[in-house]
Amino acid sequence: MQNPPSQLKIIRPDDWHLHLRDGPAMASVLADTAGRFGRAIVMPNLKPPVTTVLQAEAYRQRILAVLPSGMRFEPLMTLYLTEAMPASEIDAASASEFVHAVKFYPAGATTNSAAGVSNLKNCSATLERMEKLGLPLLVHGEVTDQSVDIFDREAVFIDTVLIPLRRDFPGLKLVLEHITTRQGIDFVASQDAAVGGTLTAHHLLLNRNALFAGGVRPHNFCLPVLKRESHRKHLLAAATSGNPKFFLGTDSAPHAKSTKEAACGCAGCYTAHAGIELYAQAFDSVGAIEKLEGFASFYGADFYGLPRNTDQITLERATWQIPATAHYLPDDPLVPFMAGELITWRLLNR
Ligand code: NCD
Ligand code: ZN
């Protein structure tokens with residue numbers, strides 16, 4: 001058998017699903033992403049949400065203002081879909097250089113989704129314009145009906161929302177974000193080139209047992225929630241398959257330690273501190289490290305119709321320990337994903 005490679009040089013990756021937050025929190029986390037990724041699709045679920053091109057432009061400027069000097073990073077902005085969004089906002093988004101997608105949060109599905117959509121029928125004019133102008137819809141694919149078991153919410157969403165959406169707007173580009181189930185993978189794989197899907201590192205590395213390993217583990221809680229091992233295996237098979245419909249989206253979602261370690265802890269895993277290394281570890285676990293570059297650096301850019309990056313990063317097979325905490329807010333740190341644990345790939349250059 002061939003020795004596994006000890007170094008890996010790949011074209012600089014991009015992150016097609018990222019939460020950067022705002023203000024001091026954003027200033028604390030931005031360098032983790034910008035040190036690894038060339039670009040990132042920045043989620044609009046601020047409080048209040050980013051619903052207009054004007055707000056997206058202001059948010060973009062705030063991001064660039066705290067980018068450490070010498071770092072190159074391009075934030076790709078998104079708008080938060082509401083039932084009140086006029087179709088004219090899509091014209092403005094499409095005409096702008098910096099808005100690349102619209103995010104659909106079912107109302108109540110996840111962190112800061114209260115302003116999201118209750119009935120997609122009320123967004124028809126907006127979706128029609130997006131379909132016409134080629135602006136992708138990024139989908140948080142979970143129903144919010146409390147009578148549906150939390151582990152089934154993605155599968156039910158596909159049947160009750162996505163399949164009708166595809167029928168009504170067959171040309172609408174859409175991304176099923178942070179896929180967590182076999183049903184999600186199979187849906188995306190069965191569709192034409194208008195449909196893609198992102199996969200997080202944490203869903204590739206962990207199954208739902210990690211939520212209850214010796215006690216409740218709030219830092220492994222995110223939405224959509226981790227699923228059983230058979231689903232994780234299916235996600236990893238899709239990520240390493242070379243199918244260009246599947247690409248990298250970390251869904252790195254920082255929350256202060258005190259809001260995660262609480263009676264009602266926030267949903268979201270912070271993974272940007274090892275944003276590419278965690279994927280390297282997942283791909284390596286099935287002997288597929290050579291498939292990382294397409295997934296991380298090519299297919300997302302191709303889907304969005306953007307040029308691929310041209311510079312490279314180097315990863316090295318080397319073990320290091322993830323710190324217990326990282327700076328976040330002046331009086332409240334964050335706990336990074338896999339805090340205190342060993343990881344087997346390290347980023348050499350930035
Ligand atoms: C995200 C957040 O904290 O903003 N949380 C999460 O668990 N993934 C929101 C989201 O993408 O669902
Ligand atoms: Zn997210």
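Only heavy atoms go into these numbers, but all of them, side chains included; no hydrogens, no water, no symmetry mates. Atoms within a ligand are numbered from 1 in the order they appear, just like the ligands themselves.
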N/O/S atom of H140 under 2.8 Å from the Zn ion (ligand 2), yes or no?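 For H140, the answer is no, given that no N, O or S atom comes within less than 2.8 Å of the Zn ion (ligand 2).
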Check whether any N, O or S atom of E177 sits under 2.8 Å from the Zn ion (ligand 2).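 Given the 2.8 Å cut-off, E177 does not count as a ligand of the Zn ion (ligand 2).
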Does T344 offer a backbone N or O that forms a donor-acceptor pair with the side chain of E277 under 3.5 Å?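 Not a single qualifying donor-acceptor pair exists.
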Quick one: does T198's side chain have a donor or acceptor within less than 3.5 Å of a partner on H178's backbone?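 Side chain of T198 to backbone of H178, a donor-acceptor pair under 3.5 Å: yes, one is there.
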Where on [X] is there a heavy atom closer than 4.0 Å to ligand 1, on the side chain, on the backbone, on both, or on neither?
X	result
E177	neither
N45	side chain
M43	neither
K103	neither

So which of the N, O or S atoms of [X] lies nearest the Zn ion (ligand 2)?
X	value
D251	OD1
H17	NE2
H19	NE2

Give me the one residue out of K227, H203, H202 that meets side chain to side chain donor-acceptor pair (under 3.5 Å) with T180.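 Looking at K227, H203, H202, the match for T180 under the side chain to side chain donor-acceptor pair (under 3.5 Å) is K227.
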Taking the ring centre of each residue, are F295 and F283 less than 6.0 Å apart?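 Judged by ring-centre distance (under 6.0 Å), F295 and F283 do meet the cut-off.
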Strictly under 6.0 Å, is that where the ring centroids of W16 and F303 end up?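 Not close enough - the centres of the two rings lie 6.0 Å or further apart.
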For atom 11 (O) of ligand 1, the option (of H202, E142, H255, H19) bearing the nearest heavy atom: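 The residue whose heavy atom sits nearest atom 11 (O) of ligand 1 is H19.
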May I ask you to check whether over 12 heavy atoms, not counting those of R62, lie within 6.0 Å of atom CZ?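 Check passes, neighbour count above 12.
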So does L54 have more than 12 non-hydrogen atoms from other groups sitting under 6.0 Å from CG?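 Incorrect, the count does not exceed 12.
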Tell me whether R72 is salt-bridged to D311, with the criterion being a basic N under 4.0 Å from an acidic carboxylate O.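 Answer for the salt bridge query: no.
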Would you say N112 touches ligand 1, if touching means a heavy atom closer than 4.0 Å?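 It does not, in that no heavy atom of N112 comes within the 4.0 Å cut-off of ligand 1.
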